S.K.: 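Sharing a structure below in structure tokens format, with a few things to ask.
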Amino acid sequence: MKQLLWFFGIATTVKLLLIPSYHSTDLEVHRHWLAITHSLPLSQWYYDETSEWTLDYPPFFAYFERFLSVFANLIDPRIVHLHHGLNYKANSAIYFQRISVIVSDLFLLYGVYISTRNLPSLKRNLVWVLLIWSPGLLIVDHLHFQYNGFLFGWLLLSISFLAQGKDLMGGFIFAVLLCFKHLFAVAAPVYFVYLLRHYCRGGLVRGFARLSAIGAVVVAVFAAAYGPFVYHGQIQQVIRHMFPFGRGLCHAYWAPNFWVFYIMLDKGIAFLLRKVGFNIPTPVASFTGGLVGDASPFAVLPRITPMTTFIMVLLALSPCLFKTWRDPRPRLIARSVAYAYTCGFLFGWHVHEKASLHISIPLALVAVESLEDAKHYFLLSIVSCYSLFPLLYEAQEYPIKVLLLLLHTILMWFCFSALFPKNIAAKGSLQDDKKSTQYESKGSSRTAAEKQRFELGWVAKSYLLGVVVVEIWGQFLHPYLLGDKLPFLPLMLISMYCAIGIVYSWIWQLKWIIIFS
Amino acid sequence: MKKVVKDKLNDGEHDDPWWWLVQKGIKSSFLCVSVFALFVRVAVGLHPYSGANTPPKFGDYEAQRHWMEITLNLPAKDWYRNSSVNNLSYWGLDYPPLTAYQSYIHGVFLKTFDPDSVALFSSRGYESYLGKLLMRWTVLSSDVLIFFPAVLYFVLVYRSMRLGMGQNSDVAWHIAMILLNPCLILIDHGHFQYNCISLGLTLAAIAAALSQKDLVASVLYCLALNHKQMSAYFAPAFFSYLLGKCLKNKNPVLEVAKLGLIVVGTFAVVWWPYLHSKEAALAVLSRLAPFERGIYEDYVANFWCTSSVLVKWKKLYTTQSLRTLSLAATLLTCLPSMVQQVLAPSSKGFLYALLNSSFSFYLFSFQVHEKSVLLPLLPLTLLALEERQSLLWLTHFAMFSMFPLLHRDKLVLAYIALYALFILVYFAPGGPCGRCNSSKTRDHSQTTKRGMEFISSIAFHPLVMGFLGLCSLILHVIYLTMRPPNKYPFLFEAVIMLICFSQFVLFTLYFNSKQWMLSKHLTSKDKQKKII
């Protein structure tokens with residue numbers, strides 16, 4: 001515990017140092033929400049249109065902002081002023097909001113503590129390194145500005161409760177989490193099936209009793225969150241704000257998912273057909289914009305609607321749901337949840353690149369379980385962090401993000417090499433250590449002595465080298481060789497390249513779920 | 001490794017939590033720590049620099065930028081000369097030629113990406129987003145190219161000499177202590193200076209001297225001296241250590257002559273553009289010694305400034321006599337440590353001598369700045385494994401003594417964060433100071449001998465430490481929140497100075513006596529070490 005606090009302390013000092021760095025408009029968004037929740041009665045929260053940044057998170061998050069706004073008001077009343085506070089950029093506002101994120105990370109600390117309590121000491125250390133010093137969380141929360149660390153604390157807590165067999169508690173926390181940020185709902189089918197099969201079993205009567213128990217808990221949580229708005233008859237308005245389907249298939253910067261390939265395929269076919277002589281009109285609508293009338297952003301391929309993406313996600317998720325249905329095991333819940341988020345990330349509608357954290361954070365819990373996991377996580381974590389690079393596009397933060405990723409890679413490399421030492425037979429000492437720190441059976445590690453070493457195959461190595469090439473191209477060669485031409489190319493390359501990694505991770509996870517579980 | 005693991009098995013709970021990080025050896029732990037240290041430096045670089053948005057004179061940042069402007073646009077012979085294009089009263093170049101060359105190189109770098117920032121005349125007070133970044137990156141690159149390799153070199157030498165005992169994780173801790181020294185990071189990457197270059201060269205010289213490469217050491221030290229004249233703080237130690245070693249040689253005159261030749265040669269190369277006439281060389285020299293600025297500036301925790309509360313030195317004596325007085329005082333105070341090294345040069349003694357001579361200079365020499373406390377801190381961090389408590393305590397007071405300066409630079413947030421980071425790393429669980437206390441006290445009692453017992457019992461007494469720690473915490477808060485009475489606008493600075501000065505003096509005495517104890521107990525200690 002002392003050590004965990006130490007890790008967290010180091011992270012906190014780094015976060016403090018990063019306070020003056022670049023922040024996205026999300027800082028203003030959250031500041032405005034502080035103002036909305038502080039200055040207006042609850043009945044107007046979801047109606048306010050003073051700024052374009054309307055409240056579009058579920059009610060618990062709004063309550064959380066209301067709670068924070070009490071302190072903000074004490075520090076500088078202008079932060080929470082609905083009109084004077086607009087685009088308020090004083091140090092008091094920035095410091096207050098940054099520090100509120102840093103403090104709210106205590107939830108992450110608690111979540112990590114609970115979920116790693118029962119691990120052997122070495123593995124625990126490694127998971128702490130992966131979670132507490134996660135470069136992705138640092139980039140998104142403490143540079144870009146959001147409250148993800150706080151939310152992931154809840155997610156980890158929920159997963160670890162499920163893994164410990166405390167199903168009701170896990171379900172309760174997940175319901176709370178959903179009322180903080182609905183993006184987490186992608187894993188809801190997994191939770192539903194798991195709880196139904198694992199918690200509500202043991203005969204008809206007992207199963208039904210438990211089903212009603214968990215149902216009551218979930219309904220209670222949702223009632224606490226949405227009740228006041230139902231009372232005011234605003235539930236439709238709340239839902240409309242929370243799910244802005246008017247937005248496009250992709251975010252302004254394309255998240256590295258399946259649709260990147262789809263779009264590229266469309267462009268490629270259109271280009272070829274035009275070469276051959278067909279008259280293909282250039283589409284008017286853009287992928288990132290909303291649905292403009294009947295115009296399709298695609299030239300050749302059928303257009304994608306939110307419904308299509310929804311069905312695709314469910315389809316991709318179905319093997320995992322099926323497995324969970326047949327054999328709901330607490331040990332596998334972290335993997336299933338991560339897999340659900342992977343599906344949501346790959347096939348979802350208007351996916352944001354930040355959502356790749358949903359994959360890498362829960363998977364960190366199982367990354368230390370086996371060599372295969374470690375190898376997969378090594379790759380996934382680098383890709384997911386690298387895909388966040390375009391968030392910080394200013395020169396000042398460039399060395400920061402590169403060094404963060406580099407440090408993370410080095411630490412992971414050391415972690416995993418220590419966990420899966422080079423040649424076990426030759427180094428008796430490390431074998432001893434393995435015995436003392438790992439629960440794995442001695443026999444299997446003996447026989448698999450040669451296979452147990454952590455190293456990457458040539459495919460993985462060249463893929464990671466490709467990341468460096470893509471980065472050098474986008475940062476240096478592209479501006480130098482092409483100047484201002486094709487300005488979207490570097491970003492597109494990053495999306496495409498990371499998408500390959502994420503698709504690999506998806507297939508790997510799918511394979512794991514089908515074969516190993 | 002095997003031993004560590006054995007310990008681990010016996011200990012059960014209290015094992016080395018860092019072995020996964022350090023198991024690959026010194027170089028890879030150095031890689032890890034240095035990437036983190038670099039990251040911290042970049043992050044500190046986000047904060048303001050000295051004199052940001054404060055015309056007309058701005059601060060050190062503008063001085064460095066101005067030097068780049070001058071060296072880039074004027075021929076070398078005009079760099080130190082007052083002329084129509086080089087107004088020396090506006091941040092005239094007053095560092096030795098190596099700084100000028102470094103400014104030239106960095107000027108070329110700036111010109112490539114942002115020509116406006118180094119244009120002659122028009123760039124005065126130039127401040128921009130890109131300009132700040134480029135300037136920050138020049139410091140970062142100097143740090144990475146000079147200070148970091150020097151640290152690696154030193155640690156490898158130090159380790160190979162088995163001066164520091166202990167496990168791999170202790171080495172990693174030692175590296176972190178040198179690289180994450182908060183004062184150095186704040187001054188170089190926050191306030192804006194290039195101390196990393198001169199300190200890095202000095203550090204490399206120390207490592208070379210420890211590994212018996214005396215000629216290399218002299219060249220490196222001369223380069224450090226030619227980058228920043230402040231490096232002269234270490235001169236007595238280098239001089240006496242190298243002299244002592246020469247005297248032990250069969251042919252002392254030849255050895256001394258070789259060193260002398262090397263030193264003169266290095267100086268000649270660096271000063272080449274100014275050696276064509278006596279006037280040119282003297283003109284540069286006079287720029288390097290700004291005696292007109294008075295014996296002290298601001299509120300620095302040294303003897304002259306502190307005692308000026310009682311004795312108005314500036315009024316009583318002329319600058320000329322003060323100059324002699326301060327020189328005499330400085331030399332007198334570093335004499336004991338010099339004599340010790342001439343008589344019995346030893347590696348550990350050398351490190352203590354560096355500490356002692358730099359402290360003497362800090363306390364007694366002419367025109368000392370708050371920032372000069374970085375110089376004694378360097379050898380102290382090198383001795384981190386031996387002087388654990390002193391390291392913590394002195395870093396605290398060094399930081400404290402620079403607090404008013406950093407507060408003026410709006411670096412309070414970085415100050416707090418780096419201070420916390422230092423404390424955390426210092427007490428890293430499983431590190432030398434984070435382990436159970438039994439080993440620490442045993443270690444301490446072994447080295448503490450007779451005469452020092454008195455000093456160390458005062459300095460390290462828990463009550464004294466607690467009291468002073470509390471005082472400084474309260475003073476920090478007072479400084480940040482309260483305004484001093486109108487009659488004494490610098491009251492808080494003076495109090496901070498008094499506290500820091502008292503500690504610095506105490507530690508100078510302590511380190512001097514410790515250095516002398518070393519030679520007396522050298523043989524017995526060697527035996528003890530072997531047993532361990």
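A, B, ... follow the sequence lines: proteins, then strands. Residue 1 opens every chain. Computed from a predicted structure; not experimentally measured.
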S.K.: Report which part of Leu18(A) has an atom under 4.5 Å of a heavy atom belonging to chain B: side chain, backbone, both, or neither.
M.R.: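 When you check distances to chain B, atoms from both the backbone and side chain of Leu18(A) fall under 4.5 Å.
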
S.K.: A side-chain contact here means heavy atoms from C-beta on lying under 4.5 Å apart; do Asp143(B) and Phe148(B) qualify?
M.R.: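 In contact.
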
S.K.: Answer yes or no: is there a side-chain heavy-atom contact under 4.5 Å between Tyr398(A) and Leu133(B)?
M.R.: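 No. Closest side-chain heavy atoms not under 4.5 Å.
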
S.K.: Phe416(A) versus chain B, heavy atoms under 4.5 Å apart: side chain, backbone, both or neither?
M.R.: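 Neither part, no heavy atoms under 4.5 Å.
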
S.K.: Counting only heavy atoms closer than 4.5 Å, note whether Leu21(B) contacts chain A via side chain, backbone, both or neither.
M.R.: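 For Leu21(B), backbone and side chain are both near chain A.
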
S.K.: Between His407(B) and Tyr479(B), does the ring centroid distance fall short of 6.0 Å?
M.R.: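 Yes, the ring centres sit under 6.0 Å apart.
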
S.K.: Counting only non-hydrogen atoms closer than 4.5 Å, does Val402(A) touch chain B with its backbone (N, CA, C, O), its side chain (CB onward), both, or neither?
M.R.: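 Neither part.
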
S.K.: What part of Tyr129(B) gets closer than 4.5 Å to chain A, counting heavy atoms only: side chain, backbone, both or neither?
M.R.: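 The side chain, not the backbone.
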
S.K.: For chain B, which of Leu126(A), Leu411(A), Leu407(A) has the most heavy-atom pairs under 4.5 Å?
M.R.: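 If we count pairs closer than 4.5 Å to chain B, Leu407(A) comes out on top.
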
S.K.: Under a 4.0 Å threshold between the charged nitrogen and the carboxylate oxygen, would Asp105(A) count as salt-bridged to Lys15(A)?
M.R.: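 Yes, charged N to carboxylate O under 4.0 Å.
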
S.K.: What part of Leu38(B) is in contact with chain A, defined as an atom under 4.5 angstrom from a non-hydrogen atom: side chain, backbone, both or neither?
M.R.: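 Both backbone and side chain of Leu38(B) come within 4.5 Å of chain A.
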
S.K.: Side chains of Ser117(B) and Arg65(B): is there a donor and an acceptor less than 3.5 Å apart?
M.R.: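 No, because no side-chain N or O of Ser117(B) sits under 3.5 Å from a partner of the opposite role on Arg65(B).
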
S.K.: Run through His191(B), Lys132(B), Gln193(B), Met135(B) and flag the one making a side chain to side chain contact (heavy atoms under 4.5 Å, CB included) with Tyr49(B).
M.R.: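 The side chain to side chain contact (heavy atoms under 4.5 Å, CB included) with Tyr49(B) is passed solely by Lys132(B) among His191(B), Lys132(B), Gln193(B), Met135(B).
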
